Amino acid sequence: MSQSNDSSNPEEKEHDLESIFQQKRILRSQVRKTLKSMDPSLRSHEDNAIQNIVLEAPWFKSSQRLCAYISCSALREVDTSKLLSQILQIPNADGDTKTRKKLYVPRVEDKNSHMRMFHISSIDDLIANSMNILEPAPVDADGNEREDVMQANEPVDLFLLPGLAFDRSGRRLGRGGGYYDTFLKKYQELAKERNWRQPLFVALSYSLQIMDEGIISATPKDMPVDALVSPSGVIPISATALDRMQF
């Protein structure tokens, strides 16, 4: 299939891409409406179930460094507040810091799909941006620059990702800005350059966000996820997920 696409002329490719973009716009609108009408008690139940599944998962417990999104209720994303508070919890009274994970969270830099991930050690490190979404400031309270995950000396094990819709083949429908697709591609390239093990890309999904295969259209720039976590459990997709998630 890819060979026939490669032989297509530029006008045909452009037409195909525009068709995909249109399909995505329609699906985004439909999913937003469905999320808006989701019963609040069901949402709360699924938020708790998804976070508890992640917290109890061996692949999460064993992760040492991870990137995770900060959920925004206005965007109706799966809640991550419980996850983040657990990750950022103060080490045990005996000073054991082995269970403390290193957390990086996103900061949108501009409208050109440019996003960075900064290390934070406390929820207090976050400030609301112009859209009232919590983000890390580039410098900490002491005026020191925060560590950017792209400059870190050690690899990230796990990415916890948001999205509007997903399917069981790993396709993810974002909000149209391309921020995560661009960032994940760059991080994969960095990991390859440094001979690091590739991280697991795991998306958190309400039940109603999981689509039948073929509904979500994709372009070559769309990054697939390795696994989904829904209220009913973990759905491993890639060979990497099947290997590392102990199924």
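Predicted model, so just to flag it, every value in this text is computed and none were measured. All residue numbers refer to positions in the sequence shown, counting from 1.
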Inset, instruction - Find out whether Val139 and Arg146 are in side-chain contact, i.e. whether some heavy atom of one side chain is under 4.5 Å from a heavy atom of the other. - result: no
Inset, instruction - Determine, for Phe166 and Arg171, whether the Lys NZ or Arg CZ falls below 6.0 Å from the six-membered ring centre while staying within 45 degrees of the axis. - result: no
Inset, instruction - Keeping the roles fixed (side chain from Ser29, backbone from Arg25), state whether a donor-acceptor pair exists under 3.5 Å. - result: no
Legend entry - Heavy atoms from other residues, nucleotides or ligands near NE2 of His45 exceed 12 (cutoff 6.0 Å): no
Legend entry - Cluster link Phe118 to Leu66, ILVMFWY, side chain under 4.5 Å: no
Inset, instruction - Could you tell me whether Glu56 and Lys61 make a salt bridge, using a distance below 4.0 angstrom between a side-chain N and a carboxylate O? - result: yes
Legend entry - Distance-only polar pair, side chains of Ser207 and Glu46, donor-acceptor under 3.5 Å: yes
Inset, instruction - Show the numbers, then the answer: is there a ring-ring contact (aromatic ring centres under 6.0 Å, His included) between Tyr69 and Phe159? - result: CA-CA 9 Å; Tyr69 71 96; Phe159 279 77; over 10 Å; no
Inset, instruction - For residues Arg107 and Pro138, determine if any side-chain heavy atom of one lies less than 4.5 Å from a side-chain heavy atom of the other. - result: yes
Legend entry - Flag if over 12 foreign heavy atoms under 6.0 Å of CG, Asp39: yes
Legend entry - Distance-only polar pair, side chains of Tyr104 and Glu147, donor-acceptor under 3.5 Å: yes
Legend entry - Student check: side-chain heavy atoms of Asp212 and Asp167 closer than 4.5 Å: no
Inset, instruction - Kindly say whether Phe201 contributes a backbone atom to a donor-acceptor pair with the side chain of Asp226 at under 3.5 angstrom? - result: yes
Inset, instruction - Go through the side-chain N and O atoms of Ser63 and Asp157 and say whether any donor and acceptor fall under 3.5 Å apart. - result: no
Legend entry - Asn144 side chain to Asp140 backbone, donor-acceptor under 3.5 Å: no
Inset, instruction - Give a yes or no on whether the backbone of Pro155 and the side-chain of Arg65 come within a donor-acceptor separation of less than 3.5 Å. - result: yes
Inset, instruction - Provide the closest heavy-atom pair for Leu164 versus Val31 in the form atom of the first, atom of the second, distance. - result: O-CG1, 3.1 Å
Inset, instruction - Decide whether Asp79 and Ser71 meet the rule of one side-chain donor and one side-chain acceptor closer than 3.5 Å. - result: yes
Legend entry - Nearest atoms (heavy-atom pairs only) where Gly178 meets Thr182: O-OG1, 2.8 Å
Inset, instruction - Would you mind checking if Glu189 and Arg194 are paired as a salt bridge, meaning a charged N to carboxylate O distance below 4.0 Å? - result: no
Inset, instruction - Output yes when a side-chain donor or acceptor of Arg43 lies under 3.5 Å from a complementary backbone atom of Leu35, and no otherwise. - result: yes
Inset, instruction - Report yes if some heavy atom in the side chain of Arg32 is under 4.5 Å from a heavy atom in the side chain of Arg175; otherwise report no. - result: yes
Inset, instruction - Could you tell me whether the side chain of Arg168 and the main chain of Glu213 form a donor-acceptor pair under 3.5 Å? - result: no
Inset, instruction - State whether the side chain of Ser62 and the backbone N or O of Pro58 hold a donor-acceptor pair below 3.5 Å, judged by distance alone. - result: yes
Legend entry - Test item: Tyr179 and Val108 side chains (from C-beta on) under 4.5 Å apart, heavy atoms: yes
Legend entry - Check: Ser238 side chain, Ala241 main-chain N or O, donor-acceptor pair, under 3.5 Å: yes
Inset, instruction - Let me see the working for Leu228 and Val202 under side chain to side chain contact (heavy atoms under 4.5 Å, CB included), right down to the final yes or no. - result: CA-CA 6 Å; Leu228 302 175; Val202 179; over 6 Å; no
Inset, instruction - Search all heavy atoms of Met117 against all heavy atoms of Cys67 and return the closest pair with its distance. - result: SD-CB, 3.9 Å
Legend entry - Candidate pair Tyr206 and Asp47, rule side chain to side chain donor-acceptor pair (under 3.5 Å), full reasoning: CA-CA 8 Å; Tyr206 292 122; Asp47 281 333; 2.7 Å; yes
Inset, instruction - Quick one: closest heavy-atom pair of Lys24 and Ala218, and the distance? - result: CE-CA, 4.5 Å
Legend entry - Heavy-atom closest contact (Glu77 atom, Ile70 atom, distance): OE1-O, 3.8 Å
Inset, instruction - Could you check if a side-chain atom of Ile210 sits within less than 4.5 angstrom of a side-chain atom of Ser230, using non-hydrogen atoms only? - result: yes
Inset, instruction - Take Lys36 and Arg76 through the side chain to side chain contact (heavy atoms under 4.5 Å, CB included) test and state the conclusion after the steps. - result: CA-CA 8 Å; Lys36 191 174 182 180; Arg76 298 178 177 86; 3.5 Å; yes
Legend entry - Non-hydrogen atoms of Phe60 and Val54 that approach each other most closely: CB-O, 3.1 Å
Legend entry - Option among Val78, Leu204, Leu103 that satisfies the side chain to side chain contact (heavy atoms under 4.5 Å, CB included) test with Leu83: Leu204
Inset, instruction - Determine yes or no for a side-chain-to-main-chain donor-acceptor pair under 3.5 angstrom, with Lys186 supplying the side chain and Met150 the backbone. - result: no
Legend entry - Tyr180 (side chain) donor-acceptor with Met115 (main chain) under 3.5 angstrom: no
